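I am attaching a structure below and will ask some questions about it afterwards.
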Amino acid sequence: MTISGSDGPDSNHQRPASASDKTVEALGKLSEALEVVEHARGLLYGFHRLTGKGDLALGEAVDLLREAGHDSLADELEQNIVGRNVIEGRWTFQIVEDYDDHYYSEFKALEKRARDELVEGKRHLFEAEMKEDRRTHGRAHHEALPPEAQP
């Protein structure tokens, strides 16, 4: 689908003439997959932050238990849970680093390579074309571009 005129996406969101419908569809699915991985990565970082915050709160609870005279329970929590690995040999920062270094960065690089090789590096072509198909041309709040980008 090629868009012409000023009532369409900007040049960064128009497919090159050499890109077939199947190529744009495939890259759209690849982009969708990357977006899911981005979401998973965000959840992993959330897990990392929440686990760390929980460990720090646990340390405070241990101190309070000790102040309240519950030394045995405080000792057991401190020795068995505070600072404990969440996965054998790893704290959450190590999980995040492994994910980023061995999965996420490779995925992101290959997605970019596919766009660079197939559509001149352009992003979200599938979505841009979907927008053109779904919006009501000439109607307020259905514009192709934000006001500052319109010719």
Side-chain angles (χ1 to χ4, degrees), residues 1-64 76-151:
M1 171 180 183
T2 303
I3 310 296
S4 61
S6 62
D7 187 34
D10 61 12
S11 62
N12 289 327
H13 294 100
Q14 292 177 21
R15 78 163 72 175
S18 62
S20 69
D21 288 346
K22 279 292 179 196
T23 296
V24 171
E25 182 181 2
L27 289 173
K29 187 56 75 172
L30 181 58
S31 175
E32 178 185 343
L34 179 58
E35 289 170 8
V36 172
V37 167
E38 293 279 8
H39 186 187
R41 183 173 181 253
L43 294 172
L44 182 60
Y45 272 82
F47 168 73
H48 163 60
R49 290 182 50 94
L50 289 171
T51 301
K53 189 172 184 175
D55 188 65
L56 293 173
L58 177 59
E60 292 175 19
V62 165
D63 292 343
L64 291 169
E76 188 171 351
L77 283 165
E78 187 171 52
Q79 292 165 10
N80 292 313
I81 306 297
V82 172
R84 183 184 181 118
N85 291 328
V86 297
I87 292 178
E88 184 120 4
R90 289 182 174 89
W91 270 21
T92 58
F93 77 89
Q94 293 165 303
I95 298 167
V96 167
E97 287 178 358
D98 280 353
Y99 184 87
D100 278 352
D101 293 347
H102 302 291
Y103 182 76
Y104 174 76
S105 62
E106 290 293 321
F107 194 136
K108 196 139 167 83
L110 285 171
E111 185 272 342
K112 183 179 183 327
R113 181 176 142 204
R115 285 186 294 101
D116 288 347
E117 290 180 10
L118 301 175
V119 293
E120 302 168 1
K122 295 180 178 186
R123 297 180 296 168
H124 297 108
L125 292 177
F126 186 82
E127 291 90 337
E129 292 180 5
M130 183 188 306
K131 178 180 180 178
E132 285 305 300
D133 287 342
R134 295 181 59 83
R135 72 186 185 89
T136 304
H137 293 254
R139 184 143 178 105
H141 308 294
H142 287 255
E143 296 83 7
L145 302 169
E148 66 274 9
Q150 293 184 22

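Predicted model, so just to flag it, every value in this text is computed and none were measured. Just the heavy atoms: all of them, side chains too, but no hydrogens, waters or symmetry mates, feed the values below.
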With a 4.5 Å limit on heavy-atom distance, are the side chains of Arg135 and Asp7 in contact?
yes

Counting C-beta onward and ignoring hydrogens, is there a side-chain heavy-atom pair between Tyr45 and Thr92 closer than 4.5 Å?
no

Show your working on salt bridge (Lys or Arg N to Asp or Glu O under 4.0 Å) between Asp100 and Arg41 and close with a plain yes or no.
CA-CA 8 Å; Asp100 278 352; Arg41 183 173 181 253; 2.7 Å; yes

Tell me every residue that passes side chain to side chain contact (heavy atoms under 4.5 Å, CB included) with Gln94, counting only those two or more places apart in sequence or in another chain.
Arg90, Trp91

Measure the CG-CG distance between Leu27 and Leu34 for me, rounded to the nearest 0.5 Å.
12.0 Å

Under a 4.5 Å cut-off applied to non-hydrogen side-chain atoms, are His102 and Glu97 in contact?
no

Going by the side chain to side chain contact (heavy atoms under 4.5 Å, CB included) test, name the single residue among Glu25, Arg115, Arg15 that passes it with Leu125.
Arg15

Any idea which heavy atoms bring Ser11 and Lys122 closest together, and the distance?
O-NZ, 2.9 Å

For Phe126, check ring pair (Phe, Tyr, Trp, His ring centres under 6.0 Å) against everything at least two apart and list the hits.
none

Within a reach of under 6.0 Å around CD of Glu88, are more than 12 heavy atoms found that belong to other residues, nucleotides or ligands?
no

Roughly how far, to the nearest 0.5 Å, is the CD atom of Glu120 from the CD atom of Gln14?
11.0 Å

Which heavy atom of Asp10 sits nearest a heavy atom of Leu145, and at what distance?
N-CD2, 3.6 Å

Any idea which heavy atoms bring Gly8 and Ala144 closest together, and the distance?
O-CB, 3.3 Å

Can you check whether Asn80's main-chain N or O pairs, donor with acceptor, with Arg84's side chain at less than 3.5 Å?
yes

Tell me, with the steps shown, if His13 and Glu129 meet side chain to side chain contact (heavy atoms under 4.5 Å, CB included).
CA-CA 8 Å; His13 294 100; Glu129 292 180 5; over 6 Å; no

If you round to the nearest 0.5 Å, how far is CG of Leu30 from NZ of Lys112?
13.0 Å

Is any side-chain heavy atom of Lys53 closer than 4.5 Å to a side-chain heavy atom of Arg49?
no

Mutual orientation of the aromatic rings belonging to Tyr99 and Tyr103 [parallel < 30°, tilted 30-60°, perpendicular > 60°]
tilted

Tell me whether His39 at atom NE2 has more than 12 heavy atoms from other residues, nucleotides or ligands lying less than 6.0 Å away.
no

Closest approach of Leu118 and Ala19, non-hydrogen atoms and distance?
O-CB, 4.3 Å

Set of side chain to side chain contact (heavy atoms under 4.5 Å, CB included) partners for Glu35, sequence neighbours left out
Ser31, His124, Glu127

